[in-house]
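Let me begin by presenting the structure, written as structure tokens, before commenting on it.
Reminder, nothing fancy here: chain letters follow the sequence lines and each chain counts from 1.
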Amino acid sequence: MRLLIHNMLSSNIKGVINGFPLRIEVDKVEEKQVDFDAAFLRKMFHKIEWKALLDAALTLGYAELPEEAPDSSVLESDEFLQKFHHALLELDLEEGALVCPETGRKFPVTKGIPNMLLHEDEV
Amino acid sequence: MSSRPELQAPPEIFYDDTEARKYTSSSRIIEIQAKLSERALELLALPDDGVPRLLLDIGCGSGLSGETLSENGHQWIGLDISQSMLDVALEREVEGDLLLSDMGQGLPLRTGVIDGAISISAIQWLCNADKSSHEPRLRLKAFFGSLYRCLARGAKAAFQVYPENVAQRELILSSAMRAGFAGGVVIDYPHSSKMRKEFVVLTCGPPSISSSVPQGKGQDGESCSDDESSGDEEDQTVCISDRHRPRKKQKVTKKGRTRQWILKRKEKGRRKGNVVPRDTKYTGRKRKARF
Ligand SMILES: C[S@@+](CC[C@H](N)C(=O)[O-])C[C@H]1O[C@@H](n2cnc3c(N)ncnc32)[C@H](O)[C@@H]1O
């Protein structure tokens, strides 16, 4: 699971009001090389919840992102885009879990795939 | 399809390891799914600016449909209820991000972040009650409600479906409308039992010009004029129905993906041992705008 997806995922268990962001538990992280695409990054930037990305990156062991949510002027900086790219698309949670912030329910992540299937009483 | 898979077993059981492998090693299936995905992507009518979008592939299976999205330069999230299908997707090293998820339980995504959604040959599964707790109406409601929320305003969804009968199509459509979508069904080649394909095309947000449903291909009364139908491999069948669109719009290069880029991607595919269409003079050629 890349952090791009983590930033979009939200727990949809019945009764949960704010299921975002899911807390990450790490067993194994991998890094993958992904082609750099500035246009996509600039477009995605506006959709990203910064705090969630920052925390997720830290949890996966990457501490290079600016702490404060940057304004869009950073999109001109190549240095920023490279870091943003790495955090968003190249860090990959291979094994671990995602934890619902309201209920504590764990969604396992196996072979990089989050299992978001709900139990019948959670629908 | 002589016997409908939806009637045989729940999807996570039907698409087991054996079926997943069988499905993905049939070059016929690969070709059909790629064509359907290409058409669904076209029906999303994304802006022609070369910027990759974040798309959703619902019931992505082994990633055949998603691969078309990658080939067109987009990022995608694929979700499927069958672990076996996703395992094959992993093996094939698809570029999308995968989720094990049941669309009938609603999509676990936050509000307004997705730029478009496709689904190829999957939504009709929601019309079946596979468990005693399943109520198709409620599952469709959960699905369309969550889809509406996670799409950006104005974003579209294009779902190729195999409804079993008129009632199923109505059920799917009315669920979508109740969730707030505008749209309808596009039928390509309605008069050919073999080539007939149905797409549910939806727009997120109030009805507007952009949410009007495009025409299907191969409709009656839409004849192909000569100059429009020369030299394209699909000519005999494709009837062009875009004559209301300004001419110059069709000239813009599609997504800025060059022949070079495509050849590179195909080469990569071959190295992975994938079945890749051979390179011809048509490779990377601009297709005609088609609806
Ligand atoms: C005919 S396959 C198509 C796969 C892929 N879209 C393609 O074009 O190759 C249908 C897929 O829908 C999935 N599916 C069926 N019901 C589903 C559900 N409720 N939630 C998610 N996926 C589902 C199945 O597991 C299967 O992989």
| Where A:K43 and B:D115 come nearest, the two heavy atoms and their spacing | CE-OD2, 4.0 Å
| query | With a 4.5 Å limit on heavy-atom distance, are the side chains of B:P52 and A:D37 in contact? | reply | yes
| query | Is there side-chain contact between B:D102 and A:V123, with at least one heavy-atom pair below 4.5 Å? | reply | no
| said: Treating B:Q105 as the side-chain partner and A:L118 as the backbone partner, does any N or O pair qualify as donor plus acceptor under 3.5 Å? | reply: yes
| message | Heavy-atom cut-off 4.5 Å, strictly under: side chain, backbone, both or neither for B:L90 against chain A? | response | side chain
| said: Run the salt bridge (charged side-chain N to carboxylate O under 4.0 Å, His left out) test against A:E95 and tell me which residues pass, sequence neighbours left out. | reply: none
| query | Any side-chain heavy atom of B:L54 sitting closer than 4.5 Å to one from A:M44? | reply | yes
| field | Sidechain-backbone polar pair: B:R110 side chain, A:N7 backbone, donor-acceptor under 3.5 Å | value | yes
| said: Just so I understand: if I count every heavy-atom pair under 4.5 Å between each of A:I5, A:L89, A:V34, A:I13 and chain B, which residue has the most? | reply: A:I5
| message | Please classify the contact of A:I48 with chain B as side chain, backbone, both or neither, using a heavy-atom distance under 4.5 Å. | response | backbone
| field | Interchain contact, A:E49 with chain B, by part (heavy-atom threshold 4.5 Å) | value | both
| request: Assess whether atom NZ of A:K106 is packed by more than 12 heavy atoms of other residues, nucleotides or ligands within 6.0 Å. | output: no
| task | Would you mind checking which part of B:D87 comes under 4.5 Å of any heavy atom in chain A, side chain (CB onward), backbone (N, CA, C, O), both or neither? | result | side chain
| note | Highest number of heavy-atom pairs under 4.5 Å with chain A among B:A152, B:S101, B:C150 belongs to B:S101
| Just wondering, are more than 12 heavy atoms of other shown residues or ligands nearer than 6.0 Å to CZ in A:R105? | yes
| Taking only heavy atoms into account, what residues of residues 50-71 of chain A are found under 4.5 Å from chain B? | none
| task | Find the one option among A:D35, A:V109, A:N12 whose heavy-atom pairs under 4.5 Å with chain B are most numerous. | result | A:N12
| task | Please say whether more than 12 non-hydrogen atoms of neighbouring residues, nucleotides or ligands are located less than 6.0 Å from CD in A:E79. | result | no
| query | Counting N and O atoms only, with roles assigned by atom type, does the side chain of B:D97 sit under 3.5 Å from a partner on the main chain of A:M1, one being a donor and the other an acceptor? | reply | no
| task | Flag the one option from B:L86, B:T111, B:V113, B:I77 with the top tally of heavy-atom pairs under 4.5 Å to chain A. | result | B:V113
| request: Would you name the heavy atoms of B:Q75 and A:F40 that are closest together and state the gap between them? | output: CG-CZ, 3.2 Å
| Between B:L107, B:L79, B:I81, which shows the greatest number of heavy-atom pairs under 4.5 Å with chain A? | B:L107
| message | How close do B:L99 and A:P114 get, counting heavy atoms only, and between which atoms? | response | CD2-CG, 3.6 Å
| Atom CZ of A:F20 and atom CG of B:L109: how far apart are they, to the nearest 0.5 Å? | 11.0 Å
| message | Please report the interatomic distance CD(B:E95) to NZ(A:K32), rounded to the nearest 0.5 Å. | response | 11.5 Å
